[in-house]
Amino acid sequence: GEILFGSLEHEPLYDLCSTAFWGGFAWIYVMQFKLYSKVNELYQSRGLTPPLLVWGLLVPGYNFVTGIRQIHFLSQFWAMERGEAPARDAFCELFPFATKQTLGVVKLFINPE
């Protein structure tokens, strides 16, 4: 509550709470970067086009979209590896942009489908 909210008012190394708050924030972004890169590496290892724009995590809002797409493409990859048909994805049926093989920031905002 108040202690963490106060962390936003100070620089990252002001006190222990600020350091923990900003360190956690940075850790999440580093892990997302590694995860998105790993999904792309898996696709490239099979000669497929990498589906995620890793730098997209720097764009507010698009980071969320990239996370959704990462879940979709990772499940698709492992279904392909096991030789199974991909499972029905109700979320992607509602939001088909998540299944596009390539999806840039501009394309998402101009034609989200």
Side-chain angles (χ1 to χ4, degrees):
E2 292 178 20
I3 293 174
L4 286 180
F5 179 71
S7 297
L8 293 172
E9 297 175 353
H10 302 290
E11 61 275 359
L13 301 177
Y14 178 77
D15 61 10
L16 181 61
C17 289
S18 292
T19 302
F21 176 83
W22 290 109
F25 188 79
W27 182 81
I28 289 169
Y29 269 84
V30 169
M31 292 301 110
Q32 284 179 308
F33 177 83
K34 290 179 69 147
L35 180 61
Y36 299 166
S37 298
K38 185 62 177 176
V39 171
N40 282 343
E41 287 175 22
L42 289 170
Y43 270 76
Q44 287 175 324
S45 72
R46 300 297 183 259
L48 303 169
T49 304
L52 304 175
L53 296 175
V54 176
W55 60 266
L57 68 94
L58 300 175
V59 180
Y62 191 73
N63 183 16
F64 179 70
V65 171
T66 304
I68 292 168
R69 296 183 76 238
Q70 170 265 312
I71 293 166
H72 170 75
F73 283 105
L74 193 56
S75 68
Q76 295 280 32
F77 179 83
W78 288 116
M80 179 179 57
E81 284 292 298
R82 291 188 304 262
E84 300 172 356
R88 179 179 168 272
D89 190 339
F91 182 86
C92 289
E93 290 174 6
L94 291 173
F95 302 99
F97 65 83
T99 64
K100 295 201 177 294
Q101 188 62 32
T102 58
L103 180 67
V105 176
V106 175
K107 186 175 181 180
L108 173 66
F109 292 118
I110 291 175
N111 188 14
E113 296 179 27

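Shown here for P86 and A79, the closest heavy-atom pair between the two residues is CA-CB, 4.0 Å. Of all the heavy atoms in V39 and Q70, the pair that sits closest is CG2-CG, 3.9 Å.
When the shell of 6.0 Å around CZ of F91 is examined, it contains more than 12 heavy atoms from other residues, nucleotides or ligands.
A donor-acceptor distance shorter than 3.5 angstrom exists from the side chain of R69 to the backbone of P51, with no hydrogens or angles considered.
One hydrophobic cluster, built from ILVMFWY side chains closer than 4.5 Å, cannot hold both L58 and I28; they sit in different ones.
Here the OG1 atom belonging to T66 is positioned 11.5 Å from the CD1 atom belonging to I71, to the nearest 0.5 angstrom. With values rounded to the nearest 0.5 angstrom, K38 atom NZ is found 13.5 Å from F33 atom CZ. In this structure, CG in N40 is found 11.0 Å from CG in L48, a value given to the nearest 0.5 Å. Atom CD in E41 sits 10.0 Å away from atom NZ in K34 (nearest 0.5 Å).
Contact check for F95 versus V65: no side-chain heavy atoms found under the 4.5 Å cut-off. Using a 4.5 Å heavy-atom cutoff, the side chains of L74 and L42 are in contact.
Using cut-offs of 30° and 60° on the angle between ring planes, the pair F25 and W22 is perpendicular. Using bins of under 30°, 30° to 60° and over 60° for the plane-to-plane angle, the ring pair Y43/F77 lands in the tilted bin.
The side chain to side chain donor-acceptor pair (under 3.5 Å) contacts involving residues 75-89 comprise R46-E81, H72-Q76, R82-E84, R88-E93, where partners must be two or more places apart or lie in separate chains.
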